[in-house]
Structure formats: C-alpha cells, structure tokens
Amino acid sequence: MSTFLIFFLFLIILNIFNFNVISETDIVNPTMLQWSIMMMIIVNHVKETPQLIDKLMLYFTLGAVLGSVFFLLKMGIEFTTGNEERVLFFNENANSVALKSAIAIVYIIYTVFFNRFKYGISRFLLLLSLPTIFNLFLNTGSRGGLFILVTMLLFLVLFIKIKLWKRIMLIPILVIASIFLVDAISKSEVMSGRLNRTIEEHSIGGREVIWNTYIPYIYESPIWGYGETGFNSIAEMVEGASPHNVFIELLLISGIIGFSIFMRFFYLIYKQGYLTYKHRNYLFPMLLFFPMFGSMLFGQLLATKLFYLLTAYILSAKYIDRNENFMRH
C-alpha cells in the first residue's frame, strides 16, 4: 500500500509543476483519492472482520446479476449509434460492463463447482443467472472482455487444485461449454460482427492509431512525463481521446519514474494473489489479475472504481485463514 502512496504523492508533485492555463485536471485527482481511501478502508476492515472476505465478491456478483435482470427488462439501457449497436448500461462504458460481467461469470462457476467457502446447496441457484449475465456480456460487443473471460476460465481449469479424477471429469464439461460459447458468439450480431472486423481489418478498434499518436510525446519527456495537468494540452491535440493503454498513460503522466513505481505496486498485487493461491489454496484472487492486466493493455484503470475494488479484494484475501478460524468457532 505504501508503494501506491508514493506513486500518488509523486503524481501530485508532477501536477503542480505542469499546471497550466488550459489544465482541466485538479492538482489532486479527486477520483483517485476517493477510491484509494476506499481501498485502504476495505483492506483494514477485512483485517478486523475476516468473515467479510467471502461476502465482498458475492455481493459484487449479485450486483451483476441484478444488472443483467435490468437489462432483460430494458431498464437503464441505451445503444451506441452507427455500425455497432453496443449496449450502454446506465451510461456505463460497454467495456466496463463486459469486464464486470466476466468477473461475475467466473466467480459463479468457481463458487458453485469448487465451493471454497463451503456454501450450501443453495449456491446452485447462482447458475440460473448465467444465461442473463452472458446475454448482457455478449451485447457489450467487447472483444477485450471476451479475451479476458476465456483466459480466466482457462487458467481456472489449469490451476485449480483438485483430484485427478475430478480434472478428468472436467474434460467433457469443457467441450460442451466451448461448443455453447462458440455457438452463442456466432449468433450474437454485435460480438461476432466486431470479431470479424478485427480479423478482416487487422484492427483493434482504432486503438493502434491513438497509441501511435501519443507515443512520440513520451520521448519528449521520458523521465517524469507531463503530470495529469500537463497531459491535457497533449490530449487536446488528439481531440481529448484516452490513450486506451495504461502503460502509455503512465509514461505520459509520470514518465519512467512513475511508471516504475506503479508497476512495482502492480507486481505486489499479483504476488499477493499468487501467495494466497499457493499457501491458502484460494485461486480466485489470482484470476482477478487478468481483468486488471487486460484493462491496462486496452482500456483505462487509474480512475476506475473497479481497479481499487479488485485490488482491495486481492490484498484482503490473505486473511482467509482468519475467516475459516472464525467460521470453525
């Protein structure tokens, strides 16, 4: 946590030195500050109340289930105009909706079939929500979300610690699930259309054009970047477009120094997820690394609530032994 605090303070210093008349960003990013405080509160609260560990992701998933029901009822939904009618759910970005849906889908599968927290038979009711969540997921048309979902499921099957006979039983289930997945994607005009365009045009939604526009500015100030305040003047030249790549964004706003500090923090998040899996046999926190890394490659992360929520969960999962001791007593 101290590593992230160092990065945050370094960013504030850069914002002060790069502040200019067209800066629309505050010297202290209020969104980042708000969610950083929330992240620290969650971690410390779970430390004192470890039985919350299994509730955090369950309530997150139930929220996704409720959202998919709203989608079925056509509540709070809009569609983008143009060639692609991607769903906008309560004005939330389609890629963000896909990411949350993917996490919920994997959590349901993990909880129902591997039951790490010893839920009763009622957990199978969660399976009833999979068709509605997956329907919402497909309507986002998120290619990155699809890649993340498939990757999480693949790593779940490969690294889950189960007996050999159970792993063998997974094979026919995986075959059936793969057939269903391919069939559902092919029937989804939004998802299949975007995948076909990616193959035909060798493009990832124009992101490569934006990346090539921003990258030259990195070389002009490679050590400490431009701060968030100075970044505004650069963004104006590309009509305010997001870099859609956190690596490029980090280098632009904080240079090699800030990039190194943040990547150190990101490594520590992954390390904690891995240690929780290795020593406590809880795989799901490590799986959350994939949606976070996917967001870094193709989207946004620093000012998104989901990043801080997932980070808090991964860092809190190390207290799972305390939760189990609590349940036994």
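- Both I42 and I37 are assigned to one and the same hydrophobic cluster, defined by single-linkage of ILVMFWY side chains at heavy-atom distances under 4.5 Å.
- Here CG of L5 is found 10.5 Å from CZ of F265. Values are rounded to the nearest 0.5 Å.
- With a 6.0 Å radius and a threshold of 12 heavy atoms from other residues, nucleotides or ligands, F60 has its CZ atom above the threshold.
- Of the candidates T132, I133, N139, N139 is the only one forming a side chain to side chain contact (heavy atoms under 4.5 Å, CB included) with N135.
- Looking at I103 and L310, their side chains come closer than 4.5 Å, going by heavy atoms from C-beta outward.
- Remark: side-chain polar atoms of S186 are paired, donor with acceptor, to backbone N or O of V182 under 3.5 angstrom.
- Aromatic ring centres of F155 and F290: separated by under 6.0 Å.
- Of the possible polar contacts, one joining the T304 side chain to the L301 backbone as a donor-acceptor pair under 3.5 Å is found.
- For the atom pair I108 CD1 and F134 CZ, the distance stands at 12.5 Å (nearest 0.5 Å).
- The nearest pair of heavy atoms linking L11 to M32 is CD2-CE, 4.0 Å.
- At least one donor-acceptor pair under 3.5 Å links the side chain of N15 to the backbone N or O of E228.
- Residues F266 and F247 place their aromatic rings such that the two centres sit no closer than 6.0 Å.
- Pairs engaging residues 99-108 under the salt bridge (charged side-chain N to carboxylate O under 4.0 Å, His left out) rule: E92-K100 [sequence neighbours left out].
- In this structure, I314 and M292 have side chains that are in contact, with non-hydrogen atoms separated by less than 4.5 Å.
- V112 approaches R123 most closely through the heavy-atom pair O-NE, 2.8 Å.
- Environment of NZ in K271: sparse, with no more than 12 heavy atoms of neighbouring residues, nucleotides or ligands closer than 6.0 Å.
- Distance CG/L181 to CG/L146: 6.5 Å, rounded to 0.5 Å.
- K278 places none of its side-chain heavy atoms less than 4.5 Å from the side chain of M286.
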- Item | Y214/F231 under ring pair (Phe, Tyr, Trp, His ring centres under 6.0 Å): CA gap, chis, key distance, verdict | CA-CA 10 Å; Y214 275 119; F231 173 71; 5.6 Å; yes

- Message: Go through it in stages, so that I can follow the logic: the residues are L309 and M38, the test is side chain to side chain contact (heavy atoms under 4.5 Å, CB included), and I'd like the CA-CA distance, side-chain angles, deciding distance and then a yes or no.
- Response: CA-CA 8 Å; L309 286 173; M38 181 208 67; 3.5 Å; yes

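- Between the side chain of R207 and the main chain of F298, a donor-acceptor pair closer than 3.5 Å is present.
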- Evaluate the criterion side chain to side chain contact (heavy atoms under 4.5 Å, CB included) for residue pair L153 and L149; output intermediate values, then yes/no. CA-CA 6 Å; L153 290 174; L149 174 62; 4.1 Å; yes

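- Note: I53 CD1 to F284 CZ = 13.5 Å, rounded to the nearest 0.5 Å.
- A search for side chain to side chain donor-acceptor pair (under 3.5 Å) contacts involving S101 returns nothing, not counting sequence neighbours.
- The distance from the CG atom of L138 to the OG1 atom of T140 is 7.5 Å, given to the nearest 0.5 Å.
- Under the 4.5 Å side-chain contact rule for hydrophobic residues, F114 and L125 do not share a cluster.
- The shortest heavy-atom contact between A98 and G145 is CB-CA, 4.4 Å.
- Connection of L158 to F289 is established within a shared hydrophobic cluster, with ILVMFWY side chains joined at heavy-atom distances below 4.5 Å, either directly or through further cluster members.
- For the pair K161 and Y277, the distance from NZ or CZ to the six-membered ring centre is under 6.0 Å and the angle to the ring normal is within 45 degrees.
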Hey, can you pull the donor-acceptor pairs under 3.5 Å for the side chains in residues 250-260, sequence neighbours left out?
residue	atom	partner	partner atom	Å
S254	OG	L250	O	2.7
S260	OG	I256	O	2.7

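- The side-chain heavy atoms of F4 and Y308, taken from C-beta on, include a pair separated by under 4.5 Å.
- Side-chain atoms of P285 and Q272, non-hydrogen and from C-beta on, never get closer than 4.5 Å to each other.
- Closest approach of V246 to S295, counting heavy atoms only: CG2-O, 3.8 Å.
- Taking the side chain as every heavy atom from C-beta outward, F71 and V97 never approach each other to under 4.5 Å.
- Here the options are N18, I12, L14, the test is side chain to side chain contact (heavy atoms under 4.5 Å, CB included), and the partner is I16; only I12 passes.
- One hydrophobic cluster, built from ILVMFWY side chains closer than 4.5 Å, cannot hold both F8 and Y267; they sit in different ones.
- Linking ILVMFWY residues whenever their side-chain heavy atoms come closer than 4.5 Å, directly or via other members, places Y59 and L306 in the same cluster.
- Distance alone, capped at 3.5 Å, is enough to place a donor-acceptor pair between the T213 side chain and the V209 backbone.
- In this structure a side-chain-to-backbone donor-acceptor pair under 3.5 Å is missing from D183 to I179.
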- Under the side chain to side chain contact (heavy atoms under 4.5 Å, CB included) rule, what do W211 and H244 come out as? Steps first, then yes or no, please. CA-CA 8 Å; W211 295 345; H244 287 288; 4.3 Å; yes

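- Without hydrogens or angle criteria, Y226 side chain to Y217 main chain gives a donor-acceptor distance under 3.5 Å.
- A317 approaches T276 most closely through the heavy-atom pair O-CG2, 3.8 Å.
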- When you look at I160 and Y110, which way does the side chain to side chain contact (heavy atoms under 4.5 Å, CB included) test go after all the steps? CA-CA 9 Å; I160 190 70; Y110 183 85; 3.6 Å; yes

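- Going from atom OG1 of T61 over to atom CE of M57 covers 6.5 Å, rounded to the nearest 0.5 Å.
- With R194 contributing its side chain and M191 its backbone, the two residues share no donor-acceptor pair below 3.5 Å.
- Summarising the geometry of I148 relative to L99, their closest heavy-atom pair is CD1-CD1, 3.3 Å, with the distance given to 0.1 Å.
- Side-chain contact annotation: S142 with N95, donor-acceptor N/O pair under 3.5 Å present.
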